[in-house]
Number of protein chains: 2
Amino acid sequence: MERSGGRGGQPRVATREVVLAAVRLFTESGFDDTTMDQIATATGVSRRSLFRRFGSKEDILFAEHDELFSTVVRYLEASPDEPLTSVFAAARLVLQGYLRDPEITVPRYRLVRAHPRLRDREVAMTARYQAAFSSYLSRCGDGGGREGRSLAAGVAAASLISAHNHVLRGWLRRPEQDSREVWAGFDEAMDFVRRAAEPMLHAERGPRRDHVLVAVYPGDTGREELLRRIGAAVQASEGS
Amino acid sequence: MERSGGRGGQPRVATREVVLAAVRLFTESGFDDTTMDQIATATGVSRRSLFRRFGSKEDILFAEHDELFSTVVRYLEASPDEPLTSVFAAARLVLQGYLRDPEITVPRYRLVRAHPRLRDREVAMTARYQAAFSSYLSRCGDGGGREGRSLAAGVAAASLISAHNHVLRGWLRRPEQDSREVWAGFDEAMDFVRRAAEPMLHAERGPRRDHVLVAVYPGDTGREELLRRIGAAVQASEGS
DNA sequence: CCCTATTCTGGCACCGAATGCCACAAGAAG
DNA sequence: CTTCTTGTGGCATTCGGTGCCAGAATAGGG
């Protein structure tokens with residue numbers, strides 16, 4: 001009675017088939033010069049159904065990307081509150097999603113680069129990721145007040161997305177390169193972000209500054225006593 | 001003979017007038033339910049001329065923003081190579097551009113929040129800023145190789161934009177608040193970004209660690225002499 | 001003064017994306 | 001078989017966006 005019926009939710013023609021056909025047509029004839037009618041006749045799906053299933057001509061290109069996005073969001077929602085770790089894993093998922101089928105992502109990248117309108121669409125996608133990551137980080141941040149935490153979370157998410165996109169673009173430009181290199185670059189970039197983001201997410205108020213310790217003791221203080229006292233002072237300073 | 005003629009480049013109706021009228025119509029009737037014909041009759045500019053001057057219905061909303069963007073880009077191009085300082089100043093310009101006329105930016109913000117399509121358009125604008133900032137930082141960065149510098153520049157630009165937008169959104173939600181508070185928040189946010197971005201732009205490899213200085217001098221060393229020597233030592237350590 | 005080049009402008013026709021409405025097909029549950 | 005649900009296609013319509021052409025207004029040259 002509920003959540004069933006019909007042909008079972010399976011569309012007559014698979015989404016992936018439509019996307020592939022559309023990508024091919026766009027690449028051959030250009031995005032603007034390809035009409036929905038052409039896609040309809042090429043795929044055997046009526047023009048009307050195309051609009052119903054994908055929403056718009058642009059959305060056909062990004063249909064699979066949308067699925068990836070919701071996967072990542074679900075992943076984040078189910079993640080324990082280990083801020084950076086979970087978010088890095090999520091970014092890994094995204095990159096994986098791209099590397100998985102170059103058949104779509106690579107020609108799409110070429111189209112996106114050529115067409116400003118599609119570029120905006122792509123940018124909007126990354127913004128959605130950024131918002132999701134930022135919200136997650138803000139949710140399970142630990143330091144600072146609402147305001148500072150939100151700022152830190154936003155900046156951290158922006159950094160992460162930027163680094164991810166940096167690696168991603170590197171691959172998209174030369175998709176033939178060994179994927180191990182890509183992942184190595186990814187790990188490197190994530191380390192870079194971690195070093196920058198870790199302190200700001202945990203800082204009470206701003207990141208730690210360098211410390212200068214000036215200790216004055218009587219000249220006859222024993223060496224061990226001196227080290228012990230200095231060690232204690234440093235530890236106290238780090239704990240603040 | 002060149003660059004003149006016609007009515008002198010001055011449109012019959014000022015751009016700002018058109019934008020204000022459009023904003024009003026959009027706010028009253030909704031963005032989708034406002035047709036270009038309505039804007040045409042409301043402003044006295046023909047439908048055809050509207051498309052010629054603004055490109056699209058969305059672009060009417062962001063016309064002044066586009067001017068601001070090119071201003072900022074010109075500013076950056078003319079700036080000396082003082083990476084972070086110039087970029088912070090540029091961000092200041094942007095925020096200033098928003099605060100300058102709330103008459104447009106505030107209702108536009110409300111529209112953008114309600115309408116996903118306009119949101120994407122707004123996001124695309126900030127992406128353009130981010131790209132400009134990133135390119136500038138990458139141009140006049142000093143540490144690391146091409147690759148690392150590009151990554152660092154991208155992350156720094158993303159952080160800056162994110163922090164800027166954080167402050168901007170705060171104001172847009174409550175535009176009635178004292179602008180001095182906004183600027184205070186901006187300075188705070190910029191400091192936050194500076195602390196995060198400074199080390200990564202100048203780092204040869206990895207961020208600076210905390211330093212611990214242990215100085216031992218004869219007990220009868222004069223206070224000024226002591227300060228001078230310690231200061232010199234710290235400075236030398238920072239230069240590394 | 002007239003002529004011309006340049007530029008903003010408006011009207012018209014046209015294409016195509018996108019939506020609403022309606023009818024139909026096909027499998028699932030009763 | 002009936003009914004409900006869901007994917008589907010056709011049709012008409014709206015409206016954003018563009019190409020084309022003609023008119024208006026202004027600056028400069030003869």
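Quick caveat, the model's predicted, so the values are computed rather than measured. Hydrogens, waters and symmetry mates play no part in the numbers below; they use all other heavy atoms, side chains included. Just so we're on the same page: letters track the sequence lines, and every chain starts at 1.
- Residues A:Asp101 and A:Arg16 are paired through a salt bridge, judged by an N-O separation under 4.0 Å between the basic side chain and the carboxylate.
- Checking B:His164 against B:Tyr129 by side-chain atom types alone, no donor-acceptor pair falls below 3.5 Å.
- For A:Arg139 and A:Ser135, the side-chain atoms include at least one donor-acceptor pair closer than 3.5 Å.
- Contact between the side-chain N/O atoms of A:Ser49 and the OP1/OP2 oxygens of D:dT8 is not found at any separation under 4.0 Å.
- Nucleic acid contact class of A:Arg52 (heavy atoms, under 4.0 Å, all strands): base.
- One interatomic measurement links the two molecules: CG of A:Asp37 to P of C:dG16, which rounds to 8 Å at whole-angstrom precision.
- Distance A:Asp33 CG to C:dG16 C1': 12 Å, rounded to the nearest Å.
- Side-chain N/O atoms of B:Arg48 and base N/O atoms of D:dG19 include a donor-acceptor pair closer than 3.5 Å.
- Nearer the 5' end of DNA chain C, as judged by each residue's closest nucleotide, is the contact made by B:Arg53, out of A:Met36 and B:Arg53.
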From CA spacing to verdict: salt bridge (charged side-chain N to carboxylate O under 4.0 Å, His left out), B:Arg121, B:Asp59: CA-CA 9 Å; B:Arg121 184 68 171 71; B:Asp59 288 339; 2.5 Å; yes
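- For the OP1/OP2 pair of C:dA25 and a distance below 4.0 Å, the side-chain nitrogens and oxygens of A:Arg12 include no atom meeting the criterion.
- We find that A:Asp187 and A:Arg92 are joined by a salt bridge, their nearest charged nitrogen and carboxylate oxygen being less than 4.0 Å apart.
- Under the 4.0 Å criterion applied to side-chain N and carboxylate O atoms, B:Asp66 and B:Arg128 are assigned as salt-bridge partners.
- Checked by atom type, the side-chain pair B:Asn165/B:Ser162 shows no donor-acceptor distance below 3.5 Å.
- Using a 4.0 Å cutoff on non-hydrogen atoms, the parts of residues 54-70 of chain B near DNA chain D are B:Gly55, B:Ser56, B:Lys57, ordered by number.
- At a threshold of 4.0 angstrom between heavy atoms, the contacts of A:Arg47 include nucleobase atoms, whether or not backbone atoms are also involved.
- Between the side chains of A:Ser159 and B:Ser159, at least one donor N or O sits under 3.5 Å from an acceptor N or O.
- When distances run from any side-chain atom of A:Phe51 to the nucleotides C:dG10, C:dA18, D:dC15, the shortest one goes to C:dA18.
- The stretch residues 15-26 of chain A has no heavy atom under 4.0 Å from DNA chain C, so no residue of it qualifies as close.
- Rounded to a whole Å, the CZ atom of A:Phe31 is 14 Å from the P atom of D:dG17.
- Listed here is the closest heavy atom pair of A:Ala158 and A:Gln130: CB-NE2, 3.4 Å.
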